[in-house]
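Within every chain, numbering begins at 1; the chains are lettered A, B, ... in the order of the sequence lines, protein sequences first and strands thereafter.
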Amino acid sequence: NAGVTQTPKFQVLKTGQSMTLQCAQDMNHEYMSWYRQDPGMGLRLIHYSVGAGITDQGEVPNGYNVSRSTTEDFPLRLLSAAPSQTSVYFCASSPGTGGIYEQYFGPGTRLTVT
Amino acid sequence: GQQVMQIPQYQHVQEGEDFTTYCNSSTTLSNIQWYKQRPGGHPVFLIQLVKSGEVKKQKRLTFQFGEAKKNSSLHITATQTTDVGTYFCANSGGYQKVTFGTGTKLQVIP
């Protein structure tokens with residue numbers, strides 16, 4: 001199993017550009033989430049999904065869109081990049097069974113917006 | 001998940017010394033999870049606690065969940081350089097909406 005994979009690893013965008021961060025998991029997990037990590041701020045939840053076709057907002061959803069057409073994939077779209085979106089983005093998945101909320105994280109995407 | 005505050009933000013210890021990080025909430029938590037993130041890496045799940053007063057051990061790591069389920073701690077005995085990283089507590093309020101604490105960054109001086 002590859003676990004949770006994310007692409008790209010690094011990305012530089014200009015203000016106003018759009019892009020999609022890819023996330024895929026091969027563990028058949030129902031739950032998937034996107035977080036951003038900024039120095040001193042911990043991990044903040046952007047969007048999450050409890051299954052294919054179902055998504056919901058987290059703490060900091062503005063400027064981001066998600067969709068979940070399959071169990072495996074959960075892409076994150078930046079609509080119009082802003083310098084405030086410079087961050088490290090982590091995708092995570094969780095089996096969501098038996099009351100265990102263990103999250104498996106991908107390696108992250110380091111995004112810089114200039 | 002509910003808001004969780006974590007202290008301290010940073011901790012420097014001499015190798016061999018003990019280390020403790022604390023996670024506090026103003027409301028009752030249904031569960032608490034702990035993660036470790038090595039420098040440049042991604043968070044890795046360590047453990048989940050769900051019962052009042054629960055104590056779990058993993059080698060030199062001891063995890064506690066308070067009696068009132070409003071606080072938790074992670075204690076490392078006799079730190080090693082391999083313990084370096086940031087430790088996060090997290091809470092799931094249901095439907096996998098997990099809220100993370102701000103983390104404690106541990107530096108171990110050899």
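Heavy-atom contacts from other residues, nucleotides or ligands closer than 6.0 Å to CZ of Arg44(A) number more than 12. A 6.0 Å sphere centred on CZ of Arg38(B) holds no more than 12 heavy atoms belonging to other residues, nucleotides or ligands. The 12-atom threshold is exceeded at CZ of Phe45(B), counting heavy atoms of other residues, nucleotides or ligands nearer than 6.0 Å. Counting heavy atoms of neighbouring residues, nucleotides and ligands inside a 6.0 Å radius, atom CE of Met5(B) does not exceed 12 of them.
You'll find the side chain of Phe105(A) stays beyond 4.5 Å of the side chain of Val44(B), heavy atoms only. In this structure the side chain of Pro43(B) reaches within 4.5 angstrom of the side chain of Leu43(A), judged on heavy atoms. The side-chain heavy atoms of Gln33(B) and Tyr101(A), taken from C-beta on, include a pair separated by under 4.5 Å.
Residues Tyr104(A) and Tyr48(A) fall into different hydrophobic clusters, defined by Ile, Leu, Val, Met, Phe, Trp and Tyr side chains chained together at heavy-atom separations under 4.5 Å. Using a 4.5 Å cut-off between side-chain heavy atoms of Ile, Leu, Val, Met, Phe, Trp and Tyr, with links allowed through other members, Tyr22(B) and Ile32(B) fall into different hydrophobic clusters.
In this structure, OG in Ser92(B) is found 9.0 Å from OH in Tyr31(A), a value given to the nearest 0.5 Å. Atoms CD1 and CD, on Ile47(B) and Glu102(A) in that order, are 10.5 Å from each other to the nearest 0.5 Å.
A donor-acceptor pair shorter than 3.5 Å can be found between the side chains of Gln37(A) and Gln37(B).
Neither the backbone nor the side chain of Gln6(A) comes within less than 4.5 Å of any heavy atom in chain B.
Note: Phe100(B) leads Tyr10(B), Phe88(B), Phe100(B) in heavy-atom pairs under 4.5 Å with chain A.
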